[in-house]
Amino acid sequence: MKKILHAAKCITEAGLEIEKILMVETYSISSMYNQLRGDFTNKSWKRLICNSKGCPKWIFIMYLALQERLSTKDRMSKWGIQVEQTCPLCEQEMESHQHLFFSCKYSTEIWSKILTWLGITRQVYSWKDEVEWATRNITGKGAKTELYRLSVAGAIYHVWIERNCKIFQ
């Protein structure tokens, strides 16, 4: 009985009316699930993360980078932590996600070499433009697509690790 009452409470909290649910002629678990789950916006970069063959560490760091949740120096200063703002890799500009991933001299050089190795002839874009380019152009399940996904995840991970090594060692 407790489970039934709890389910009724969950349904009303989700904004659904029990009377309307009872009047439905055909019941579908997927439609009920979608109604209870609510609307979520799809992230354009999900193709870079989902079904990637990369190491879990790489995928996790890339997931954090795509959401701009890595603890870069600009974020730490917003939290009130006193930290030197310059990028440890190039020692020229303020460290942020935008700078660290592909605006910094160090990461730009690495990414341009990877792009050349992949056979992609274009300049290195800024972080947001690079993600946008990848979501538009990296589709399907082919070998080139998987290789690009692996490469971008590996590049992001190793730039982040090198940044941490320069700071902490």
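At a threshold of 4.5 Å between side-chain heavy atoms, the hydrophobic network of Ile, Leu, Val, Met, Phe, Trp and Tyr places Met94 and Ile167 in two separate groups. One hydrophobic cluster, built from ILVMFWY side chains closer than 4.5 Å, cannot hold both Val83 and Trp160; they sit in different ones.
In summary, Glu93 and Lys105 do not engage in a salt bridge, as defined by a charged side-chain N under 4.0 Å from a carboxylate O. Note on Glu132 versus Arg136: salt bridge recorded, some NZ/NE/NH1/NH2 to OD/OE distance being below 4.0 Å. Salt bridge status for Arg163 with Glu95: present, with a side-chain N to carboxylate O gap under 4.0 Å.
Ring pair Trp133/Tyr148: centre-to-centre distance below 6.0 Å. In summary, the aromatic rings of His158 and Trp58 are positioned with their centroids under 6.0 Å apart.
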Decide side chain to side chain donor-acceptor pair (under 3.5 Å) for Ser77 and Asp74; before the verdict, give the C-alpha distance in whole Å, the side-chain angles of both, and the deciding distance to 0.1 Å. CA-CA 5 Å; Ser77 67; Asp74 66 328; over 6 Å; no
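Around OH of Tyr63, the count of heavy atoms belonging to other residues, nucleotides or ligands within 6.0 Å does not exceed 12. Annotation for Trp79: atom CH2 counts as buried by contact number, over 12 foreign heavy atoms lying within 6.0 Å.
In this structure a side-chain-to-backbone donor-acceptor pair under 3.5 Å is present from Ser107 to Leu100. At least one donor-acceptor pair under 3.5 Å links the side chain of Lys73 to the backbone N or O of Thr86. A donor-acceptor pair is defined here as one N or O able to donate and one able to accept, closer than 3.5 Å; no such pair exists between the side chain of Thr145 and the backbone of Lys141. In this structure, His97 contributes its side chain and Trp127 its backbone to no donor-acceptor pair below 3.5 Å.
Counting heavy atoms from C-beta on, the side chains of Arg69 and Arg75 come closer than 4.5 Å. Under the 4.5 Å side-chain criterion, counting only non-hydrogen atoms from C-beta, Tyr157 is in contact with Lys57.
A donor atom on one side chain and an acceptor atom on the other are found under 3.5 Å apart for Glu68 and Gln98.
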